[in-house]
Structure formats: structure tokens, C-alpha cells
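Every chain is numbered from 1, with letters handed out A, B, ... down the list of sequences.
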Protein chains: 2
Amino acid sequence: MCEDRQPRRKRDPTATRTALLRAAGELFAERGFGQTTVREVAARAEVNQALLFRYFGSKQELFAEVLSHNSEALLRSEPAAELPRRILESVLSEHTRSGAEHTLVALLRSLSDERAATLLRDELGGSYSDRLASLTDAPDAELRADLVLAWFFGVGMMRSVLRKSPLAEASPEVVVEYLMRAVPLLLERNASSGEE
Amino acid sequence: MCEDRQPRRKRDPTATRTALLRAAGELFAERGFGQTTVREVAARAEVNQALLFRYFGSKQELFAEVLSHNSEALLRSEPAAELPRRILESVLSEHTRSGAEHTLVALLRSLSDERAATLLRDELGGSYSDRLASLTDAPDAELRADLVLAWFFGVGMMRSVLRKSPLAEASPEVVVEYLMRAVPLLLERNASSGEE
DNA sequence: ACGACAAGTAAGCAACTGCTTACTATCCGA
DNA sequence: TCGGATAGTAAGCAGTTGCTTACTTGTCGT
């Protein structure tokens, strides 16, 4: 009777692909990997769900594609010394529309998922952690970087995912202020053999 | 033919209850709330899975019972000033058999689960966070406590759950050393109106 | 114009989930 | 001793999941 829906989507493979990618990015950020169903993704993309498997093979591969597709922008943007603050701000912001923020929150919401763990480990180890580690010349730079990253993610978890107050209600500026005051303690440039 | 199973468990309601509680504590710590099935819990407890619902009503109520049952020991044990180190050590230890450590790791592995979020929020807010907040007399003590707790949990996540190296391979002592050096920055006793 | 191939669709499978139900065996007080 | 309450059991329901399959429809080279 009343058809408010096109009887069939126009043939446009790249459009469907990116629509799926976009919907997946949003939903993974909202609910995490485990709580997101392929049916939801397909529905939000307004695409038949069988196409999800045609284009990406499996839910996990889709997740991998979302991660790698979005996180590059954040990593290679600006002066390296600003990276901690940038990461932290991305983790704190909940409703930004940019892909990078989506990715980080999706990551937070999927941290405890066995099926996503390998991907996340690679993503964190290969990108964020390495970049942070390059900020200091301490001998155990990578461990220090992990500790900083762990702090950012922990704060992001309790704030955006768990929504625990008062952290969830605090203004991002205050949180950033506190954290960035402590970070140089771990990521310092002139540890022992330093010259400025 | 070959029955290697007792035809029926001896009647012992309290034993079954604690067996379920124990098995649930272990499994929630190993896999988290979402990845643990009631069938697994019942199987490890060697108890018919219908009894799980007889004794606890639902999976969520079982989870709540596990949390509240175990976390008290950790909280009221010793001098308050040692609490941060204690919490941190509990989060870092992976294979301890004590209930408190189980609880914290279970908590970490369930952080991103919608169904467990409310319980965890209460548990964190009502217990750990309050106790940490009492360590400082800063006006925003609770926020500072949340930031410290977030760091501990973030480190626990990346180490025990995500198993990211080098953090996962680092010795607990080193990690504790780093963290406890920075914590007084947030939780100090003599902020402005302090007298020792 | 037409046929082959690719894009899109509807339906459903098989496994798994939390939870329930209808039942049987056991215990304890009368 | 016997009968009701209770602990324990087997089976299964209804819903959801990731993924597949058999099919229809649109597009493009020839």
C-alpha cells in the first residue's frame, strides 16, 4: 500500500561498502564489538545483511577494517608532542562525529572481548603505543608508553563506558589538566643522556 | 553400561550454593560476564544448571552476589594508606586464588558489558572510590580518586585482559613502582589546609 | 539486443543463549 | 511410617546469533 521505501537499492557497490563501514563504526563505538549484531549494522546502513558478508567476509574482518580505516588520521596528524593530549581528548569525547574518535571509543567498548583482543593488541601496539614511546628516550620507553595509554583508556572506560560519577560528569578540560600534569613524569625527554 | 557419574548428588543445598558461587567467581574472572554462560558455571560447579536459577534467580543476580561476596575482604583489611597499592596488586595478579583478586579481574573483564554496568558502577562508587577519596583532603577528592582508580583499571585491562606487551610481561613490582610514584601527585594529604 | 556476470534479496540453518517446566528422589517431622 | 516440603534432574522453549544458500534483478561488453 504505502511504500516509503525504494523497491530496490540502486546498484552501487562502493556506496554500499562505505555505508556498511560507516554504520559499523558508529555501532561498534556505541555498543562495542560483542554487543553489536550484523543485523543492526546492516539495518543502519540500509543494506541487506547478506551483503555484509559478501563485502567483508565476517564480523571480525569488518571490525578490523573499521579500526584500520579510521585510526590513521589521528596518528599522523601533527607535532608528536601533542599526541598524548590528542589521544586523551579523543577518548574523552563521546559524541563527536569524526572517525578517529569513533574508533577509540569502539576500541574501549571492545577491550574485554576475546574475539577482538588480537586486533586491538596489534592496533595499540603497532600504532598508538609506538608513537607514544618515541616521545621519551628512557630505556623502557615502551613500558612507559603502555602505562600512559593504560591511564587514558582507563579514564575513557570509566567515563564514557561505565559512566561513573564524578568522573563522567567532570569537564574534559579538568580531566586533561590533571592527566597532562602527570604524564611528563613518565614520558620525559631528558631522562639521563638527554640533551635538549 | 559404564556409568562414571554418581547417579545423583547428595542432598546439600549450602554446598551446591557455594560451589556455584565459586565456579561463577572463577569464570567471570576468566571470561567476563558476557562471555560466561550459565551452562559453563553449572558444569564447573558440577551442579545441574537449573539449580543456578533456583538459588540465584538470574545470571545478573549471580554476578551481583559474586561481586559483593568477595570484595569486602580487600576493602576493610588494613591501614587505609596502603589501599592503593593493595588494589593495584590485586588488579595485576592474574592467577591468585583469593576471592578479592577474582572479583577485580572479573570486574575488569565485564566493564564494557551493558548488563553489568550498573552493578559495577555501584560497586566502584560505593566502595573502592570512596575509600580512595578519603586519602586526600583536596576539595575534588572523589574526582581524584576516580582518576587513580581509572589508572589502576586501565593498567589491569591492558595487562591481564588485553595482554599487550611490554606491559603484560613487565614484573608487577616495576609497574607498582611506577604507579605509586605518581599517585601521591593526585592523592596528597596536605593539599592546602593540611596539617599532619 | 542479449547473455554473462555482478549486485542485491529472502529465507533459513545450526548453534547457542538465559530461563522454565514437569518430573523424580530424598529428607525430616508427625 | 508416611506425607509434605524441598533438593535435584532432564528436557526443552523461545529468542538471538553469525553466516549461508538459492534465487532475482540490474548492468555492461559485445
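- Using a 4.0 Å heavy-atom criterion, one finds that Tyr55(A) contacts the sugar-phosphate atoms exclusively.
- Relative to the side chain of Arg54(B), the nucleotides dA7(C), dT9(D), dG8(D) differ in distance, and dG8(D) lies closest.
- When rounded to the nearest whole Å, the span between CG of Asp12(A) and C1' of dT25(D) equals 16 Å.
- Of the two residues near DNA chain D, Gly57(A) and Glu40(A), the one whose nearest nucleotide lies more 5' is Glu40(A).
- The CZ atom of Phe63(A) sits 13 Å away from the P atom of dG18(D) (whole-angstrom rounding).
- Every side-chain contact (heavy atoms from CB on, under 4.5 Å) that Gln35(A) has, sequence neighbours left out, goes to Arg31(A), Asp113(B), Arg115(B).
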Under 3.5 Å, which donor-acceptor pairs link side chains of residues 166-173 of chain A to any protein atom two or more places apart or in another chain?
residue: Ser171(A); atom: OG; partner: Glu173(A); partner atom: OE1; Å: 3.3
residue: Ser171(A); atom: OG; partner: Val174(A); partner atom: N; Å: 3.3

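- Picking from dG18(C), dG18(D), dG8(D) the nucleotide with the shortest atom distance to the side chain of Lys59(A) gives dG18(D).
- Counting only residues at least two apart or on different chains, no ring-ring contact (aromatic ring centres under 6.0 Å, His included) pair has a member in residues 156-177 of chain B.
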Check nucleotides 12-16 of chain D for protein N or O atoms closer than 3.5 Å to its own N or O atoms and list the pairs.
residue: dG12(D); atom: O6; partner: Arg39(B); partner atom: NH2; Å: 3.3

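- At dG18(C), none of the side-chain N or O atoms of Ser58(B) fall inside 4.0 Å of OP1 or OP2 (strictly under the cut-off).
- Ser68(B) is linked by a side-chain contact (heavy atoms from CB on, under 4.5 Å) to nothing, counting only residues two or more places apart in sequence or in another chain.
- Rounded to whole angstrom, the span from the CD atom of Glu46(B) across to the C1' atom of dT9(D) amounts to 15 Å.
- Of the candidates dG8(C), dT20(D), dT20(C), the closest approach to any side-chain atom of Ala50(A) belongs to dT20(D).
- Counting non-hydrogen atoms under 4.0 angstrom, Thr14(A) reaches nothing in the nucleic acid.
- Per the geometry, CG belonging to Asn48(A) stands 11 Å off P belonging to dA11(C), to the nearest Å.
- For the pair Phe53(B) CZ and dG18(C) C1', the interatomic distance rounds to 5 Å; values are reported in whole Å.
- Per the geometry, CD belonging to Gln35(B) stands 14 Å off P belonging to dT17(D), to the nearest Å.
- A continuous path of hydrophobic side-chain contacts links Leu104(B) to Met180(B) [ILVMFWY only; heavy atoms under 4.5 Å].
- When the nucleotides dA10(C), dG8(D), dG26(D) are ranked by their closest atom to the side chain of Arg11(A), dG26(D) comes out on top.
- The ring-ring contact (aromatic ring centres under 6.0 Å, His included) contacts involving residues 38-68 of chain A comprise Phe28(A)-Phe63(A), Phe33(A)-Phe63(A), where partners must be two or more places apart or lie in separate chains.
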